[in-house]
Novice: 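I'd like to ask some things about the structure below.
In what follows, chains are A, B, ... by sequence order, proteins preceding strands, each numbered from 1.
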Amino acid sequence: MDSYVVWTVLTCVLCGVICSLLGVWLVSMRLSMLGDAISHSVLPGLVLVFIVFQTRSSIPMLAGASAMGLMTIWLMRLLTNKLRIKNDASMGIIFTTLFALGVVLITRYASQVDLDPGCVLYGSAELVAIDTVYINGYEIPRALTIIVPSLVIIFLSLYFFHQRFLIMAFDKELSKSLGLFPNLYYYFLMGLVAIAVVASFESVGSILVIAMLTGPATAIKLLYSSIDKLYIYSVLFSLSGSLFGCLLGFTTNTSIAGCISIVIGIQFLIFSMIYLCKRHVQKLKIIQ
Amino acid sequence: MNSNTSNLALSIRHLSVMYDDKVVLKNVSLDIEKGKLLAIVGPNGAGKSTLVKAVLGIVPSVTGSFSIFGNHIDKMRKNIAYMPQRENIDWDFPVNVFDVVLMGTYGDLGWFKRTSSLHKQRAMDSIRAVGLEGFENRQISELSGGQQQRTFLARALAQNADVYFMDEPFAGVDIATENTIMSTLYHIKKEGKTVIAVHHNLDTVQKYFDDVVIINENLIASGDVSSVLNTTNLTKAYGKNFHSSYLKSLGPDSCAPFPSPS
């Protein structure tokens, strides 16, 4: 197998893993659409980092994106609390405005910003293996220099702070009464979502990343109801989605990100069929 | 600290709470003795839950100070337990009974520490104490209403506290669970601990509790159930047109001042 295929598949698989881990929390907390909002609103953060620091290295990009992700959440809460408008309405206003700001900045500073609005939306998994850097003499895709650190940050955070995230997500009141700062951990988790989104941004784009975030956990939650199982099976679901998606993309010579999302959709359909059959069988058992 | 304050499980001074522009609690001052089962009663929207949540810092207060055994609440977080109202829980959340009860021990979490086997033991003991053994791995949506309530009671027990705050512990449970909850509360009391419960059923206040606090935005009365729970105070809290079999049981004299609704 040539290295182009290997790098492309590896990049997609790692993006899928990162997103599916955080998707477990978004889906459990009924915040799937917040992933959508963050995936769009981080764009001006990235563009500003390009313009101001003239760099595409991972640390400033992750920092810029998380800052913009947290600002999105903060602005949404501000609108919801101060103006007393519904949460989904404030989400709709904030993320579209920020995304539009990003698009305007890209087109205005096109000469300085190495980002194409089309790639932002649909991703460019096909180009990942071509855009490489040298690290210790090894040639690796530049995308991995942001994906691997993100995976490490997210994995360690979820491992060490699992119980704090759990109590924040499930029972904010108890968390507050124990003095465990649920708001802090809420923002922390959303910062991690922003990181996951940025890491996957260039490969799968800001729209298809939502499939990677919410598809796996939503499907698995139909059949399993413990956080540990959600983690394990969502990652497996995502692995299969990325592998078969890449395969479909290579064989049909079409958009890899698009194919991955389609495979995730098909897998979701299979899971919902299993769920419906299971419920039907349960109903029959009750009647007998 | 003098001996007088240390005997008070909870002391509230000049507590006022507002939601947006609406006053929910106005200048409430209150002392609650240690080792008592205490009910907070009042009509819907009187600020019963808000009183508890303000003390625990769950909702912000406009004015007021609290102390638990004479200390600031932040120093006493490990000594207090909280059982939220059923409606505030997302029952579809992917956790099982054991996960929920174990959360009661999270007060001991260090910055990077995860729970130890000692904590898991404490959670199992609490599950046994409310009679839920065998249900540890059950997802919480697959429980009956009574079992759900007992899960949260077990979690409060696992907090191993000195003061237990409970928001409507008897709401929507069957008689068996009501008995389990009550015997658990008596057990807590026997250990010299204090229970402060928001309660809505006036008929059972005398049967279950030692002390009562009657509120409706303002503090109306607090003290021993037999001396405080009377027509005058309840009329102040609930208005004139309310019905309670408890009041009827007090005899015709108590019902006499009620005019028929016009």
Novice: Report which part of B:Ile73 has an atom under 4.5 Å of a heavy atom belonging to chain A: side chain, backbone, both, or neither.
Specialist: neither

Novice: Side chain, backbone, both or neither: which part of A:Tyr159 has an atom under 4.5 Å from a heavy atom of chain B?
Specialist: both

Novice: Between A:Ile227 and chain B, with a heavy-atom cut-off of 4.5 Å, which part of the residue counts as in contact: side chain, backbone, both or neither?
Specialist: both

Novice: Picking from A:Leu230, A:Leu166, A:Val27, A:Val24, which has the most non-hydrogen pairs under 4.5 angstrom with chain B?
Specialist: A:Leu166

Novice: Considering only heavy atoms, which portion of A:Leu180 lies under 4.5 Å from any heavy atom of chain B: side chain, backbone, both, or neither?
Specialist: side chain

Novice: Check whether the ring centres of A:Phe170 and B:Phe93 lie less than 6.0 Å apart, and answer yes or no.
Specialist: yes

Novice: Judged by modelled atom types alone, do B:Thr63 and B:Ser16 share a side-chain donor-acceptor pair under 3.5 Å?
Specialist: yes

Novice: Against chain B, label A:Lys221 side chain, backbone, both or neither, depending on which of its atoms sit under 4.5 Å from a heavy atom there.
Specialist: side chain

Novice: Taking the cut-offs as 6.0 angstrom to the six-membered ring centre and 45 degrees off its axis, would you call B:Arg138 and B:Phe98 a cation-pi pair?
Specialist: no

Novice: Do A:Thr72 and A:Ser41 pair up side chain to side chain, a donor and an acceptor below 3.5 Å, judged on atom types alone?
Specialist: yes

Novice: Between B:Lys53 and A:Glu173, does the salt bridge (charged side-chain N to carboxylate O under 4.0 Å, His left out) criterion hold? Intermediate values first, please.
Specialist: CA-CA 8 Å; B:Lys53 287 180 186 177; A:Glu173 293 187 345; 3.0 Å; yes

Novice: Heavy-atom cut-off 4.5 Å, strictly under: side chain, backbone, both or neither for B:Val100 against chain A?
Specialist: side chain

